[in-house]
Peer 1: 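Shown below is the structure under consideration.
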Amino acid sequence: MSTPSPGYGYPQQPLPYGHLPYPPPPPARRWWQHPAVVIAALVIFPPGGIALAWLTQWSRTKKIIATVLASLWFITPFLGDPPKEPTDDAKPKSVATATATATATATATATAEATLTPTPSASPSPSGPPSYVGQNLKVAKAAAYSAGFNAISHDASDGDAGQWDDDNWKVCFQTSAAKKVGSMPTLDFGVVRNEWPCPAKDGEPIPYPKMPKVVGQTFEKASTTLKPLALQAIEADSAYTDVTLPAAVDDWTVCFQDPEAGEDITYPKTTTAYLKVTAPGTACPKTEFTELHPDPTPPSTDEDSDDSSSSSGGSDGGGSVGTVTPGAYCATPGSTGVSKKGTLYTCKGPGQERWRR
């Protein structure tokens with residue numbers, strides 16, 4: 001069956017004026033409108049490529065995108081900073097850097113060659129021992145052994161004490177021993193006890209610290225003066241036998257000291273300084289073991305003198321000896337007696353025994 005022609009069965013209507021019965025064919029595309037040519041122009045020479053893009057048959061959106069991308073591609077090289085030419089100061093640095101790099105490379109190469117070079121099976125003896133002067137003897141011996149040395153020790157003073165406990169001694173002098181101990185080189189340490197100062201030379205006497213004079217100082221200042229000696233303790237005692245010390249005596253004055261000024265402090269760790277003090281404003285007694293407020297002595301008579309002399313001699317067996325004179329010397333500690341007033345006294349110290357209450 002054949003297809004009916006247009007307008008078959010219906011009356012054909014006339015076309016408006018100027019309209020063709022079919023749409024006109026698209027205009028022919030020139031060679032410079034080809035997409036490959038336009039894209040190449042956008043990459044090689046963006047301004048020309050943009051102009052060609054707008055002459056093509058692309059859509060408006062594609063033309064805008066091509067324009068933006070080509071513009072960015074064109075201006076990007078101009079946004080960076082221009083390369084700086086090397087200045088005169090930079091050139092020597094470059095040379096110095098190259099020299100340092102070459103030196104480091106040569107050093108690394110030499111180190112690698114030394115590492116790869118085979119060594120003899122026997123370990124070489126060390127060129128020289130480190131110094132262990134001032135160290136604890138026990139620590140010094142262990143460190144010397146780790147460094148390839150044996151160690152012996154001797155008394156560095158004019159004495160000849162043996163080092164039974166190495167931890168209690170310190171190294172003052174170090175020399176190479178005349179004979180080796182075993183196959184290792186041996187060090188000979190001259191040592192003294194940890195709390196002693198080193199002598200000026202190996203074998204000389206030890207310069208022990210001297211007890212300073214602190215009489216006349218307050219107890220607080222005296223304690224500060226004695227602190228460098230590192231004594232076992234510093235204790236205060238009353239300079240008067242009938243005065244009791246308060247809890248704090250920092251401002252009390254030292255009247256007597258033990259050890260005496262100038263004595264050698266041989267063993268400070270076991271030495272205690274005893275300082276006898278008196279209260280501020282109270283004069284020191286002329287001698288130790290003195291009472292600040294002694295009992296009044298009654299007028300002496302011939303009878304009292306006889307009694308005093310007999311009481312001073314005391315009794316061989318102790319016990320009561322009758323009438324005594326307070327403060328007089330007595331011979332038998334623990335014996336008792338009464339004064340003329342009937343007060344009981346006992347023969348006791350501290351120090352020389354006297355008749356005391």
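Keep in mind the model is a prediction, meaning the values are calculated, not measured.
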Peer 1: Find out if a path of hydrophobic residues (ILVMFWY) with successive side-chain heavy-atom gaps under 4.5 Å connects Ile206 to Met211.
Peer 2: no
Peer 1: Can you find a pair of side-chain heavy atoms, one from Glu220 and one from Asp251, that are under 4.5 Å apart?
Peer 2: no
Peer 1: Is there a side-chain contact between Leu229 and Pro212, using heavy atoms and a 4.5 Å cut-off?
Peer 2: yes
Peer 1: Would you mind reporting whether Val243 and His293 have side-chain heavy atoms less than 4.5 Å apart?
Peer 2: no
Peer 1: May I ask you to test the Tyr345-Pro326 pair for a side-chain heavy-atom distance under 4.5 Å?
Peer 2: yes
Peer 1: Determine whether a donor-acceptor pair (N or O, by modelled atom type, separation under 3.5 Å) exists between the side chain of Asp155 and the backbone of Ala161.
Peer 2: yes
Peer 1: Do Leu245 and Val214 share a hydrophobic cluster, counting only Ile, Leu, Val, Met, Phe, Trp and Tyr and linking them when any side-chain heavy atoms are less than 4.5 Å apart?
Peer 2: yes
Peer 1: Over all heavy atoms of both residues, which pair between Tyr145 and Asn150 is shortest? Give the atoms and the distance, please.
Peer 2: CD1-OD1, 3.6 Å
Peer 1: Distance from Cys172 atom SG to Lys201 atom NZ, nearest 0.5 Å?
Peer 2: 15.5 Å
Peer 1: Establish, from distance only, whether the side-chain atoms of Thr266 and Asp264 form a donor-acceptor pair under 3.5 Å.
Peer 2: no
Peer 1: What is the minimum heavy-atom distance between Gln135 and Val139, and which atoms define it?
Peer 2: OE1-CG1, 4.0 Å
Peer 1: Determine the minimum heavy-atom distance between Lys213 and Gln217, stating which atoms define it.
Peer 2: O-NE2, 3.6 Å
Peer 1: Would you call Lys170 and Cys198 a side-chain contact if the rule is heavy atoms closer than 4.5 Å?
Peer 2: yes
Peer 1: Is any side-chain heavy atom of Thr224 closer than 4.5 Å to a side-chain heavy atom of Lys227?
Peer 2: no
Peer 1: Would you compute the distance between atom CH2 of Trp196 and atom CD1 of Ile265 and round it to the nearest 0.5 angstrom?
Peer 2: 13.5 Å
Peer 1: Please give me the minimum heavy-atom distance between Lys141 and Ser153, naming the atom from each residue.
Peer 2: NZ-OG, 3.9 Å
Peer 1: Could you tell me which non-hydrogen atom of Ala279 sits nearest to which non-hydrogen atom of Trp252, and how far apart they are?
Peer 2: N-CE3, 3.2 Å
Peer 1: Are Val249 and Phe256 connected in the hydrophobic side-chain network, where two residues link if heavy atoms are under 4.5 Å apart?
Peer 2: no
Peer 1: When you measure from the side chain of Gln257 to the backbone N and O of Cys255, does any donor-acceptor pair fall under 3.5 Å?
Peer 2: no
Peer 1: Look up atom CG in Asp188 and atom CZ in Phe173, then write down how far apart they are to the nearest 0.5 Å.
Peer 2: 12.0 Å
Peer 1: In sequence, state the C-alpha distance, the side-chain angles, and the governing distance for Leu292 and Thr282, and then conclude on side chain to side chain contact (heavy atoms under 4.5 Å, CB included).
Peer 2: CA-CA 9 Å; Leu292 180 60; Thr282 303; 4.2 Å; yes
Peer 1: Might you point out which heavy atoms bring Pro209 and Pro197 nearest each other, and give the distance in Å?
Peer 2: CD-CD, 4.2 Å
Peer 1: I would like to know whether Thr290 and Thr241 meet side chain to side chain contact (heavy atoms under 4.5 Å, CB included); could you show each step before the answer?
Peer 2: CA-CA 6 Å; Thr290 301; Thr241 57; over 6 Å; no
Peer 1: Using a 4.5 Å cut-off on heavy atoms from C-beta on, say whether the side chain of Thr346 contacts that of Arg357.
Peer 2: no
Peer 1: How far does CG of Asp242 sit from CZ of Arg356, to the nearest 0.5 angstrom?
Peer 2: 10.0 Å
Peer 1: Would you compute the distance between atom OG1 of Thr332 and atom CD of Glu353 and round it to the nearest 0.5 angstrom?
Peer 2: 9.0 Å
Peer 1: Is it the case that over 12 heavy atoms from other parts of the model lie below 6.0 angstrom from the NZ atom of Lys348?
Peer 2: yes
Peer 1: Is any side-chain heavy atom of Cys347 closer than 4.5 Å to one of Trp355?
Peer 2: yes
Peer 1: Without swapping roles, check the side chain of Thr325 against the backbone of Ala328 for a donor-acceptor pair under 3.5 Å.
Peer 2: no
Peer 1: Any chance you could lay out the side chain to side chain contact (heavy atoms under 4.5 Å, CB included) test for Ser131 and Gln174, step after step, and finish with the verdict?
Peer 2: CA-CA 7 Å; Ser131 176; Gln174 172 182 323; 4.3 Å; yes
Peer 1: Check for me, please, whether Tyr240 and Val254 land in the same ILVMFWY cluster - side-chain distances under 4.5 Å, paths through other members count.
Peer 2: yes
Peer 1: Indicate, with yes or no, if Val192 and Leu137 share a hydrophobic cluster defined by side-chain heavy-atom contacts under 4.5 Å among Ile, Leu, Val, Met, Phe, Trp and Tyr.
Peer 2: no
Peer 1: Start with the C-alpha gap between Thr186 and Ile152, add the side-chain angles, then the distance that decides, and say whether side chain to side chain contact (heavy atoms under 4.5 Å, CB included) holds.
Peer 2: CA-CA 7 Å; Thr186 305; Ile152 59 175; 4.3 Å; yes
Peer 1: In terms of side-chain heavy atoms, does Asp160 have a donor or acceptor partner in His154 at a distance below 3.5 Å?
Peer 2: no
Peer 1: Can you tell me how far OG1 of Thr175 sits from CG of Asp202, rounded to the nearest 0.5 angstrom?
Peer 2: 7.0 Å
Peer 1: Using atom types as modelled, flag every donor-acceptor pair under 3.5 Å from a side chain in residues 267-278 to any protein atom, sequence neighbours excluded.
Peer 2:
unit_1: Thr270; atom_1: OG1; unit_2: Tyr267; atom_2: O; d: 3.3
unit_1: Thr271; atom_1: OG1; unit_2: Tyr267; atom_2: O; d: 2.6
unit_1: Thr272; atom_1: OG1; unit_2: Gln232; atom_2: OE1; d: 3.4
unit_1: Lys276; atom_1: NZ; unit_2: Glu288; atom_2: OE1; d: 2.9

